[in-house]
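Just so you know, residue 1 is the first one in the sequence shown, and it goes up from there. Not measured: the values here are computed from a predicted model.
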Amino acid sequence: MIKTRNHLMSKILCWTLSALFCFSPAPSFSQSLSSLPLPGSLLLSKGTITPLLLKGLHFSNIDKPEFKALFDSGTDSNYQDRLSANVKEATNRQIKYFFAALTIPEEDLWVNLSPYEATRIITPSLGHTQLGRDMLAQDYLLKQFTSSLFFPNHPVGKKFWREVYRQIPGSLNQINIPVNALNKVWIMPERAVVYDHGNSALIIESKLQVMLDSDYLASRKTVLEDGRFGKQHQIAKQIFKDIILPVIDREINEGKNFERIRQIFNAIILAKWYRQKAMGHTIAHVYFNSKKTAGIDIRDKKETAKIYARYVQAFKKGSFNFIEEDFDPLTKTRIPRKYFSGGLCN
């Protein structure tokens, strides 16, 4: 649901878009396959950023695809170095996100990286757009970032495992927690506040939330036999929610790794607002839910399949796989423990 209220906005840049299909197929920018972390590598936080962000739209004629797009310049310390080609790329890309969110049915705006669901990665029409490609790339980063947080030498991972060993009886000697069951994290909308003034809209606030797969399915009243993993998993799941999930949530909403998902979210918010405004008008009949992706598509239509293949490779290889000796305070000896974050452990 989009809430509305009055608000004033500073640092606004304005672009006028006078044609719906004036774009050429998107070249591969920073979310292309070559830019994604390699399988077997850790993905750590790169600090925070408020990127150049689509914040509002204004239209004069509801049936004519002509808009003024409003962008917040953000708080990037390198903003002055990005004032030419990079700004043009970022603004055009976010406008393409907006148009894609209009032509792709809302129920198709999802991606799903799972090694067990090769036929349910992304809908075909969304997969041909830059919106879909970047959503899938961000999901790949989410999986890599989440796995990396379990690394026992990472401050967050160290805190997680210390709490696991404290709370789970017998874990000092032997433990087998299906950590992959914890890695399935969803990014969901939490709230959006929009200033609605006739033919103009301005996003005042937007926030995403992350939740475990089991919690997401529960919210949709889908039955998940979460108890099949046993008591150890249930305890580890709660520790994950207490220690690791807040770190992921902060990274999603503030971190440099996920600036694009925030740009995507804003574009989808404004697309939803415009859908409501234009319902029953010509553009709604001609373009909304039509799956017309000409002009907002990507050149390499197989790129989403390549991202999935890299994810499966990363899942099998794991973000880390090593043995480390830990001190057992009960026996006052050092015992070896194997740490692996992935799907197949040898």
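Using modelled atom types, one side-chain atom of His154 and one backbone atom of Val156 make a donor-acceptor pair closer than 3.5 Å. A donor-acceptor pair under 3.5 Å links the side-chain atoms of Tyr274 to the main chain of Ile62, judged by distance alone. Listed for the Arg275 side chain is a donor-acceptor partner under 3.5 Å among the backbone atoms of Leu102. No donor-acceptor distance shorter than 3.5 angstrom exists from the side chain of Arg262 to the backbone of Ser206, with no hydrogens or angles considered. A donor-acceptor contact shorter than 3.5 Å is absent between the side chain of Asp72 and the backbone of Lys55. Here the side chain of Gln94 pairs no donor or acceptor atom with the backbone of Ala267 at under 3.5 angstrom.
Residues that satisfy the side chain to side chain contact (heavy atoms under 4.5 Å, CB included) test with Thr103, not counting sequence neighbours, are Tyr287, Ser290, Lys292, Ile296. Here His197 pairs with Tyr195 under the side chain to side chain contact (heavy atoms under 4.5 Å, CB included) rule; sequence neighbours left out. Here Glu107 pairs with Pro105 under the side chain to side chain contact (heavy atoms under 4.5 Å, CB included) rule; sequence neighbours left out. Not counting sequence neighbours, Glu254 has no partner by the side-chain hydrogen bond (donor to acceptor under 3.5 Å, both in side chains) test. In terms of the side-chain hydrogen bond (donor to acceptor under 3.5 Å, both in side chains) criterion, Arg250 has no residue partners (sequence neighbours excluded). Under the side chain to side chain contact (heavy atoms under 4.5 Å, CB included) criterion, Asp249 pairs with Lys207, Gln209, Val210, Asn253, sequence neighbours left out.
Of all non-hydrogen atoms in Asp108 and Ile104, the two that sit nearest each other are CB-CG2, 3.7 Å.
A side-chain contact (heavy atoms from CB on, under 4.5 Å) with Leu149 is found for exactly one of Ile244, Leu245, Leu43, namely Ile244. The side-chain contact (heavy atoms from CB on, under 4.5 Å) test with Ile239 is passed by exactly one of Lys159, Arg166, Gln167: Gln167. Remark: of the listed residues Arg93, Lys96, Arg260, Arg260 is the sole one forming a side chain to side chain donor-acceptor pair (under 3.5 Å) with Asp134. Test Thr123, Leu126, Asp139 against Trp110 for side-chain contact (heavy atoms from CB on, under 4.5 Å) and you get one pass: Thr123.
For the 3.5 Å distance criterion, the side chains of Asn61 and Glu66 fail to qualify, holding no donor opposite an acceptor.
Ring geometry, Phe240 versus Phe150: the interplanar angle falls under 30°, so the pair is classed parallel (tilted spans 30 to 60°).
Annotation: Lys291, atom NZ; neighbour count of heavy atoms from other residues, nucleotides and ligands within 6.0 Å does not exceed 12.
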